[in-house]
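Worksheet for the structure shown next.
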2 protein chains.
Amino acid sequence: MSAETTARPKARAKKRTNDPEGMRKKVLDVAEEAFQARGYHASSMGDLMATAGVTGGALHHHFATKKALALAVIEERVAAAVEETWIAPVRRAGSAREGVRAVFAAVAAELEQQGFVRGCPLNNLAHELSLADPDFRIALADIFSAWRQAIADKIRADQQAGREQGTDPQRFAALAVATYSGAMSMAKTAQDTRVLRDCLMALEQGVTRRRRRILHKAP
Amino acid sequence: MSAETTARPKARAKKRTNDPEGMRKKVLDVAEEAFQARGYHASSMGDLMATAGVTGGALHHHFATKKALALAVIEERVAAAVEETWIAPVRRAGSAREGVRAVFAAVAAELEQQGFVRGCPLNNLAHELSLADPDFRIALADIFSAWRQAIADKIRADQQAGREQGTDPQRFAALAVATYSGAMSMAKTAQDTRVLRDCLMALEQGVTRRRRRILHKAP
DNA sequence: TCAAAAACAGGACAGTCATCCTGTTTTACA
DNA sequence: TGTAAAACAGGATGACTGTCCTGTTTTTGA
């Protein structure tokens, strides 16, 4: 804990391997992709080793067990993905509703041009792992929680600006995340993004409530 | 195809085993439960045999492969579960909105007294299997489709009775199913049903739109 | 009653799985 | 430069996995 080593832990030279971050990053990349595409149980350590071009010794050095690897994927990658595609955009948006709408539309557009739907990384892993192991479950629940928290906070910010007076922040956030997650489930199963559009339009119609049409924009 | 056997295929005597439906039913029971609780890949054939009290030969006689077993669970059990807990109640309900609300509330209440959340059977299997195999995917997508269809049909029935004029049946159905599925995902991950209640109340508030409060009930 | 088919028993099989082991190489730091 | 730790190589291992096979029992239909 205490730094008694003459107080100069400066790095002398950077690594000069071809891989700037080492093999840990490469393994995480491959594992994230595989867990997303095929799931945890369907992705074998052997497959991951082969695809990452990494030997068993190397993999085991960085991640002692498969569970440790998955936990790292969840905490480092899945959490970051939710932060990047949802939390940050909502924070930046003009309002909570506009943020939710924009993310919904952006994801739908991206999937449409991509041609196939692999589903939400958080949801995919949550379904497979949250009942299998308490550590998995808690890590995944925390991400869901932060996701809803960010949307609820945005509603509260809107309310401090005089808007959204009749909206319950927690309930709105729960509805937004649930609708997105469920719509992605169906889109993945049907391999069709139309249900995403349907949900977005139903949300806009229904949840925007009495406002018939907004002709003025926020500064 | 043609019945040329003197046209008398009458059954002579019923089975007199202790199990009225035979072992096929027992295997399906155990598999349905296991796939729901632990998932497809995490449930081994050996486990299923042991829990069902069935030998390998018997299991293989009724279901040649694990995939065949899972397909049977999906088509016979999961579809029936959706029909029983969602489609039939919605059809019986006074209106589409009331039906959706009632099912949502009933499931939430049931889970609250049950103490833990295992999630929606359809969603659980859909996430794990829909990308793994086209046969799985199509079977699961059909169930989702029938589910939404039933809700959309109910909206159309409401509309023929003069109600729900401004509601798009398909979009409303997509929103209802997506919200439920997503809420169940979160409830399962958090092992907490509060998010289900939040989603239900947000749906009631938002989607019911201009109607502030309904003081009169349908006959 | 009798043959054929279905239902079931129980183990064999080859393959895969995650993990762990002992070496060797590379890096960090004094 | 010397040394200890970290990073990596590559195979060994034993426990499962799903499937299939050969018998035996029970049921079916005429």
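Predicted model, so just to flag it, every value in this text is computed and none were measured. Worth knowing before you read on, the calculation uses all heavy atoms, side chains too, and leaves out hydrogens, waters and symmetry mates.
Phosphate contact (OP1/OP2 of C:dC8, side-chain N/O of B:His61, threshold under 4.0 Å): absent. Between A:His41 and C:dC17, a side-chain N or O to OP1/OP2 separation shorter than 4.0 Å is absent.
Each of D:dC8, C:dG10, D:dT19 was ranked by its minimum atom distance to the side chain of B:Lys66; first place goes to D:dT19.
For the pair A:Met45 CE and D:dA12 P, the computed distance is 19 Å after rounding to whole Å. Rounding to whole angstrom units, CE of residue B:Met23 and C1' of D:dT27 are separated by 15 Å. Rounded to a whole Å, the CE atom of A:Met49 is 10 Å from the P atom of D:dG11. Following rounding to the nearest Å, A:Phe63 (CZ) and D:dC8 (P) show an atom-to-atom distance of 11 Å. Taking atom CZ of residue B:Arg24 and atom P of nucleotide D:dT27, one finds them 19 Å apart after rounding to whole Å. The separation between B:Arg38 atom CZ and D:dT17 atom P is 11 Å, rounded to whole Å. Atom-to-atom, CG of B:Leu59 to P of C:dG10 comes out at 14 Å; the value is rounded to the nearest Å. When rounded to the nearest whole Å, the span between CG of B:Leu48 and P of D:dC16 equals 16 Å.
Side chain of B:Glu75 to main chain of B:Ala139: no donor-acceptor pair is present (N/O by atom type, distance under 3.5 Å, no hydrogens or angles). Here the side chain of A:Arg24 pairs no donor or acceptor atom with the backbone of A:His62 at under 3.5 angstrom. With B:Ser130 contributing its side chain and B:Ala126 its backbone, the two residues share a donor-acceptor pair below 3.5 Å.
Ring centers of B:His41 and A:His41: at least 6.0 Å apart, outside the cut-off.
A cation-pi arrangement is not found for B:Lys154 relative to B:Phe172, the charged atom failing to lie both closer than 6.0 Å to the ring centre and inside a 45° cone about the ring normal.
For the helix from C:dT1-D:dA30 to C:dA30-D:dT1, the end axes, each set by the C1' atoms of five terminal pairs, are bent relative to each other by 30° (nearest 10°).
Nucleotides of DNA chain C nearest to A:Gly57 and A:Gly46 differ in position, and the one nearer the 5' end is that of A:Gly46.
Under the salt bridge (charged side-chain N to carboxylate O under 4.0 Å, His left out) rule, B:Arg118 has a single partner from B:Glu33, B:Glu32, B:Glu110, which is B:Glu33.
Residue contacts for B:Ser44: at a heavy-atom cut-off of 4.0 Å it reaches the sugar-phosphate backbone alone, with no base atom in range. Looking at heavy-atom distances under 4.0 Å, A:His60 makes contact with a base.
A donor atom on one side chain and an acceptor atom on the other are found under 3.5 Å apart for A:Asn124 and A:Lys188.
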